[in-house]
There are 4 protein chains.
Amino acid sequence: MTRKLWGGRFTKKTDPLVERFTSSIGVDYRLARYDVQGSMAHAKMLGRCGIVSLAESHRLVGGLTRILRSIERGAWKPDPQAEDIHTQIQATLEKLAGPVARKLQTARSRNDQVALDLRLYCRDAATALATAIRSVQRALVKLAATYRGVVIPGYTHLQRAQPILLAHQLLAYVEMLERDVERLQDARKRIDVLPLGAAALAGTSLPIDRSYVARLLKFPRIAQNSIDAVSDRDFVLELSSVMAGLGVHLSRLAEDFILWTTEEFGILSLDDAFATGSSLMPQKKNPDVLELIRGQAGFVIGQLVGCLGMLKGLPLSYNRDLQWDKRFLFSTVDASRDALAVLERLLRHVRVETSRLPRLLESDALCATDLVEYLVTRGVAFADAHALIGKVVASAQRHGKRLRDLSLDELRRWSSRFDGAALAVLDPRRSVEGKRSFGSTNPRLVAQALNRWKNRLRP
Amino acid sequence: MTRKLWGGRFTKKTDPLVERFTSSIGVDYRLARYDVQGSMAHAKMLGRCGIVSLAESHRLVGGLTRILRSIERGAWKPDPQAEDIHTQIQATLEKLAGPVARKLQTARSRNDQVALDLRLYCRDAATALATAIRSVQRALVKLAATYRGVVIPGYTHLQRAQPILLAHQLLAYVEMLERDVERLQDARKRIDVLPLGAAALAGTSLPIDRSYVARLLKFPRIAQNSIDAVSDRDFVLELSSVMAGLGVHLSRLAEDFILWTTEEFGILSLDDAFATGSSLMPQKKNPDVLELIRGQAGFVIGQLVGCLGMLKGLPLSYNRDLQWDKRFLFSTVDASRDALAVLERLLRHVRVETSRLPRLLESDALCATDLVEYLVTRGVAFADAHALIGKVVASAQRHGKRLRDLSLDELRRWSSRFDGAALAVLDPRRSVEGKRSFGSTNPRLVAQALNRWKNRLRP
Amino acid sequence: MTRKLWGGRFTKKTDPLVERFTSSIGVDYRLARYDVQGSMAHAKMLGRCGIVSLAESHRLVGGLTRILRSIERGAWKPDPQAEDIHTQIQATLEKLAGPVARKLQTARSRNDQVALDLRLYCRDAATALATAIRSVQRALVKLAATYRGVVIPGYTHLQRAQPILLAHQLLAYVEMLERDVERLQDARKRIDVLPLGAAALAGTSLPIDRSYVARLLKFPRIAQNSIDAVSDRDFVLELSSVMAGLGVHLSRLAEDFILWTTEEFGILSLDDAFATGSSLMPQKKNPDVLELIRGQAGFVIGQLVGCLGMLKGLPLSYNRDLQWDKRFLFSTVDASRDALAVLERLLRHVRVETSRLPRLLESDALCATDLVEYLVTRGVAFADAHALIGKVVASAQRHGKRLRDLSLDELRRWSSRFDGAALAVLDPRRSVEGKRSFGSTNPRLVAQALNRWKNRLRP
Amino acid sequence: MTRKLWGGRFTKKTDPLVERFTSSIGVDYRLARYDVQGSMAHAKMLGRCGIVSLAESHRLVGGLTRILRSIERGAWKPDPQAEDIHTQIQATLEKLAGPVARKLQTARSRNDQVALDLRLYCRDAATALATAIRSVQRALVKLAATYRGVVIPGYTHLQRAQPILLAHQLLAYVEMLERDVERLQDARKRIDVLPLGAAALAGTSLPIDRSYVARLLKFPRIAQNSIDAVSDRDFVLELSSVMAGLGVHLSRLAEDFILWTTEEFGILSLDDAFATGSSLMPQKKNPDVLELIRGQAGFVIGQLVGCLGMLKGLPLSYNRDLQWDKRFLFSTVDASRDALAVLERLLRHVRVETSRLPRLLESDALCATDLVEYLVTRGVAFADAHALIGKVVASAQRHGKRLRDLSLDELRRWSSRFDGAALAVLDPRRSVEGKRSFGSTNPRLVAQALNRWKNRLRP
């Protein structure tokens, strides 16, 4: 068994069940590379500050470099016997670098060390998530551009509301995801803070140089308070919050796409390579990928709750409860990245069922709002126009007619303000073209938005 | 790659990323034994009902028995290439039993099959959890019996409130855990319902016999509605709710024990084998196990939320979102069982620091309430007695005295009802002995409770 | 300001902001009736046990009776100046009954008192919830009976799967809700436990009779441990868990109904009295009630999390954090009851769009599974039949045909097992009638289930 | 009853239960001022763009101004009969401004209107929260400055770890809260985006000028996509996330303070005006305020979960489920502001029990780490020094001695590196003074930090 980093004062061996219960190696092996990077910076600093000799510092860095290479080429495996990743790396280093390894932990505690590792991990995770989101945004923009002229019903309350461009709705998801990217960037400000040098909680009496370590590890900020530095997991919480929001976004997109691929809506179809079948019903083609993404929102919300619940009521400073943070964090990052990756590919293979869309646009009073605004431009107060058209719709329904089946004469029975232009208003394509406000579904404005996004998302 | 259970209508191969994303084998391999047990019952029924021949049924059962044995002796490994556990078992069975294996899925869908597997798993998990809770209860009773005479302060608002027997508080945890056992038993009623025979969602046109399968698998109830049968995950939710409550209980016990092992409270000490040290501070002895148990409450709450969030707003009947249920469930069951196991051992090695306790009992007005009740028995209205003793306490504090430092004369300056017996009331041991109400901390009543629990918990 | 129940030892007045912050009267006024009922039982017991005289006991009960009547006729208002409901009732009683009121609190603390009040409230709430659920079940059964012959597509993955009776799906909700009723009944066992007599946490030295109080208040069980009695909120957690499950059920039903009332599905329409319009789009008819019910699942999950999070890591015994429990509990009970009440009325006014349903049943291979089972009855192994029909479906789709457009000749090109009966199998009504398994959508079995439920739900 | 903003097409009156169930007026009355402010900007724009005449615009603004004044002086009350706040304000405006009021809703829907109201509310709430946090930070800095020389044990795992300055730990809370302020500022970027002009979801055909409205309402950004604009509630989620993090911070501070006010720790005492008593135990002085703050973390986590759960799986664009957002948001903002306000006052009245602290500092090996670093400076490898001191501590304990009771001779039996300076190291004050690293508990560095904060927090 790997020697512990503590134990001098203990007279009994740890209970094997306790070993297993408190071991974190199964979870934190992915911190190995960050742990080594942090140790390399720490070792360089120890040498520079004369806490160890330069020769010792070189030997430590040399040994750590070999471990890092081993990790990077996948040759390094977690040792289930080790208490944690720090312990295992320490043991390896003792083998590679000899007794000097026993100086590496000088002026450092696992408390500030694991905080550093976790921050380095979060930094990479935030970057990777932003990159993955960008790919999904690009796929959405591509899909929107491919079908840029396609008109579908826009829905409120899941009832057909007004004609919109499909591209317009696809860009709505792009906007949603952009907020996630923004929040990731903001979170970076609070991730990129160096905790090392806080030691256990009080700092150290040895002449360390935290600024130098910060420069080596590219941290623009240094934790100002050693107690806070070892007990703070806000950066984990914040990243988890962003991923919870992202998960909700993906669940909304998934819900729309699941609806759109139903026989009833029939707006989209998935490529066979992105659907699955049934073990009983041979005709089925199921959007399992989208369902798993929708369900994943539950997962990421739950992990955020886990992290919040774990932190609630914890006294300062470090407590072992914090070990749970890694489990919440890693599983959420993995799930989020996987979902983004598969979604991006799925989006690249979606087909819009253009031939089936007219059916959705013809069947009801989809353009009634345009008729209201038509009356407004003819001087009718909005509320009166709204009430009037409401009655026209109801009357038409009672007579089994659609709004657009009404003749001009019939319309004029309701108001003399109607003229020949009124009927034209009821065409879905005319409806979207008639929109003028910034941000609306007007095709020219949507084309501009598409271009804006294409430029912005250029890798 | 293992052949899929579907695919006839598909003209393209599934995208590899989709394969990986939708694969559940990494999680559901632990359902293997239940899947096989369910299939054995199903195969027997198919034979008995003439849907396959008796010879075919025997062959199926024979092949499945071999798979079960392989699982039970740990020789069966999940195949990362398989879509799910059902697919892998089917493939294995085809190798072992030949073409007849292709009849096993008759009158069955993965929808009802996985519901069955999960219920069989939950049944075992509920039993295992109850057993593990019982062990912790026994350890608590043992500890209480060992230290049955020990008086400590009882706390409200974490302020010393009244003297109690330590054993009395330990039995409070036993009561809490008993409710978890009760709830597990109640949950069993809704776990032990046979879903098989619901097929995909509508039932089957083949002449199956669900009652026979229920008898074979020892299910007292049969799901009454096939649509409900495949979309219901209430039994997972309920088990998760019970475990969330259990997790909260354990976190409260852990919090108390963490407090009690501080230098400041000094009521308990952990065995070295159940504590851990510090990588920086050589004198530290930390209650990591208890902290991990406390933090685990966050985890189990989060998993429950995950399950609730996943189910929220799902249309009937089966949706792939449900695949997440296994992840929530398994991780919670594992964490709960581990925590109970390690806690039981920890409790068996706890030492009560009896020599340090007097300090906690002497320093303040711990028996003030007894003095109030003393006055009540001498005819003072409770509210008046309460106000009076409040003033006595405040006055004593102002004069730097403890309540029990007051002489009878001093007391009588406050009320003539005080007599010689008053001073005796202020002894902590007398206080607990003076309690008379059922359920109180009176030593005789606590001894009775200990006996009741010993009998009840006899394995 | 109402006099506090404590304060003797305090030399300063409470800060007004603290008064407001710690006051619970805005939330717990609804406990008033239970508080008085509990006090009446307590006062009777005090007299019976000789702790107060019988005359005093009568006077206390008399005063409390007057307060109870005032509460019941709505004349009693919470006093925003009072710290809590107990304090206000105490003050009122002092006015009504004179000095004897100062004896009511004898052998009692607010800790056991509020636990009692809350249990009495939960008991009523559980009953009221069960009653409200029963009403929704009845409305579902009524709706199912009204449209008992109607066939719709059953969905898995929101893709049309197999023909089912609408009544069968409506009964699936009835089954779901029945589990909530069962869980409420089970929760009652842990609600109906008398905490009174635990006093602050240690019991009392006065000769109280808890069994007598339990009988008066109809509690079958008495809390066995005084420390547990004042710190236990499991009954709140359990009731909240049941309501979270109920909320999820209602959200699933709401989701289905929202889908079914879309123009695209067109299975149901809401009565105008149960829908709302748009301030802009005059043609809209929105299922707001159902959407609010769906969204409410988020709320009830959140309140459960609040309660779990509040309890996590709390040391024994009573802590003021527990005051939050009432807020979680009351708001969840209110929301749940409101949702059930409005849903029941909505269900009684839903109309099934029978004339629009054929469209949903004709358009695809809805009965493909029946064709698979047809082949199974003709001796084809299930897996082979499944693969074969999968290919038939795919081929038909490629040729722009529906399954039922195929002629017998065309079918026989795929397998010689097809005969004249094959084509008949593809009729949706034949499909549901052909089901034979217990719990299936077979009309005869569904009719039996309807009768079972009618009898069971008879008020 | 107030006339609805819709209803033209409806032939039946809304069911009274539905009225009540869907009414939001009880919750959203606090949006009234924002609704009017938004309407004023909208009315100005309508006039400027010629959609209504300038005279009409003036009349609308005039009427709205009167309503705003009425709201600001508290004279405006929610009408329980109104469907929502928009409807009630519309009705009032019709009374005040006459028929022109019926033009106000032109080119606007409640969907974009309520999104605007909510954003204006969130902007104010974020500012108010930041201000309230700043006040708590100031109170912490004040307390730290008052007791700047006080040394206490710093804790890890709730075990005494190393001596620290109390001020250092108080500044740790200041750092934590600063991150909440930063996050509020970042959230502002995503709050301050104008949704108005999105209309129902598609934009409008009328020639509105959204930039002008944005300028009037001081929004630096305009929502780029009308569909996203009406379905986005990310700003609510983000604000809720920040408040959940804040709630966790407050719960940690509360936990520490509750511990510190126990008789056992005895570090702090609360002013009588900020503590409460017991209805049974006259000697009690309870930290109820802190307990309620600790418990509140559960509440704010729950509300965040509610919001996430409500949004999960919602299709675009607007759905009525969103109405729940206000309930989550408002209750969390209220609770957070109340807690901050009461905490600030409590902190200003806390007393540090300086006379009781020596006891905490003497009793164990609090400075063992300093001895390790002492050996490091004498050339012992850190790991060897750590192991050695661990053995010294254990040996001293076995002999019933404290570390500082050891003589130099005794120390030198363990290592010849010990010299006269070794014993001095074991003094707690020397320990904090000996720390040299930036961010450590060194008194000079803490004094600098105090000054930094004083300047930064200057109002």
Side-chain angles (χ1 to χ4, degrees), chain B residues 8-9 102-103 105-106 154 156 162 164 169 171-172 175 179 186 197 200-205 207-208 210 224-228 234 237 241 245 248 251-252 255-256 294 297 301 308 311-315 317-319 373 376 381-383 387 390-391 393-394 434-441, chain C residues 8-9 102-103 105-106 154 156-157 161-162 164 169 171-172 175 179 186 197 201-205 207-208 210 224-228 234 237 241 245 248 251-252 255-256 294 297 301 308 311-315 317-318 373 376 381-383 387 390-391 393-394 434-441:
Chain B
R9 66 149 282 187
R102 298 180 64 71
K103 297 198 167 179
Q105 202 64 7
T106 312
T156 62
Q162 295 187 268
I164 57 166
Q169 178 144 348
L171 288 182
E175 294 281 345
R179 286 190 290 276
D186 285 340
L201 82 158
T204 177
S205 63
I208 62 173
R210 297 182 68 202
Q224 306 280 308
N225 182 297
S226 58
I227 297 173
D228 179 48
D234 288 354
L237 265 191
S241 293
V248 166
S251 79
R252 298 186 74 173
E255 173 80 1
D256 278 333
R294 182 176 59 186
I301 295 171
L308 286 162
L311 286 168
K312 176 249 168 180
L314 271 200
S317 57
Y318 182 84
N319 300 281
E373 295 193 341
V376 165
F382 171 82
K391 282 182 200 129
V393 168
K435 296 288 177 295
R436 301 171 61 171
S437 54
F438 177 74
S440 73
T441 197
Chain C
R9 66 150 282 187
R102 297 179 67 71
K103 297 199 168 179
Q105 203 65 7
T106 313
T156 62
H157 308 262
Q162 294 187 270
I164 57 166
Q169 179 144 348
L171 288 181
E175 294 281 345
R179 285 190 291 276
D186 286 340
L201 83 156
T204 177
S205 63
I208 61 172
R210 298 181 67 200
Q224 306 279 310
N225 183 298
S226 58
I227 297 174
D228 179 48
D234 288 355
L237 265 191
S241 293
V248 166
S251 79
R252 297 186 73 172
E255 173 81 1
D256 278 333
R294 183 177 58 186
I301 296 170
L308 286 161
L311 287 168
K312 176 248 168 183
L314 271 201
S317 59
Y318 182 83
E373 295 194 339
V376 166
F382 171 82
K391 283 184 199 128
V393 168
K435 296 287 176 294
R436 300 172 61 172
S437 53
F438 177 74
S440 73
T441 197

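Both the backbone and the side chain of Leu314(C) come within contact range of chain B, with heavy atoms under 4.5 Å apart. Looking at Leu311(B), both its backbone and its side chain come within 4.5 Å of chain C, counting heavy atoms on both sides.
For Ser317(B), the side chain to side chain contact (heavy atoms under 4.5 Å, CB included) criterion is met by Leu201(B), Ile227(B), Val230(B), Ser231(B), Thr156(C), not counting sequence neighbours. Considering only residues two or more places apart in sequence or on other chains, Ser437(C) meets the side chain to side chain contact (heavy atoms under 4.5 Å, CB included) condition with Thr204(B), Ile208(B), Ser440(C).
Chain B forms the most heavy-atom pairs under 4.5 Å with one residue out of Ile164(C), Val248(C), Asp256(C), and that residue is Asp256(C). Heavy-atom pairs under 4.5 Å with chain C were tallied for Gly313(B), Ser241(B), Gly154(B), Gly197(B); the largest tally goes to Gly313(B). Most heavy-atom pairs under 4.5 Å with chain C: of the set Glu255(B), Lys435(B), Arg294(B), this distinction falls to Lys435(B).
Shortest non-hydrogen contact noted between Ser205(B) and Arg436(C) is O-CD, 2.9 Å. Nearest approach of Lys103(C) to Ala381(B), heavy atoms of both residues: CG-CB, 3.7 Å. Contact record, Leu237(B) with Gly245(C): CD1-CA, 4.4 Å, taken as the closest heavy-atom pair. Contact detail for Gln162(C) and Ala200(B): the closest heavy-atom pair is OE1-CB, 3.7 Å. Taking both residues in full, the closest heavy atoms of Ser226(C) and Thr441(B) are given as OG-N, 4.4 Å, listed atom of the first, atom of the second, then distance. Nearest heavy atom pair, residue Lys312(B) against residue Ala297(C), reads CG-CB, 3.6 Å.
A side-chain donor-acceptor contact under 3.5 Å links Arg210(C) to the backbone of Phe438(B). Of the possible polar contacts, none joining the Glu175(B) side chain to the Asp228(C) backbone as a donor-acceptor pair under 3.5 Å is found.
The CG atom of Asn225(C) sits 6.0 Å away from the CG atom of Leu171(B) when rounded to the nearest 0.5 Å.
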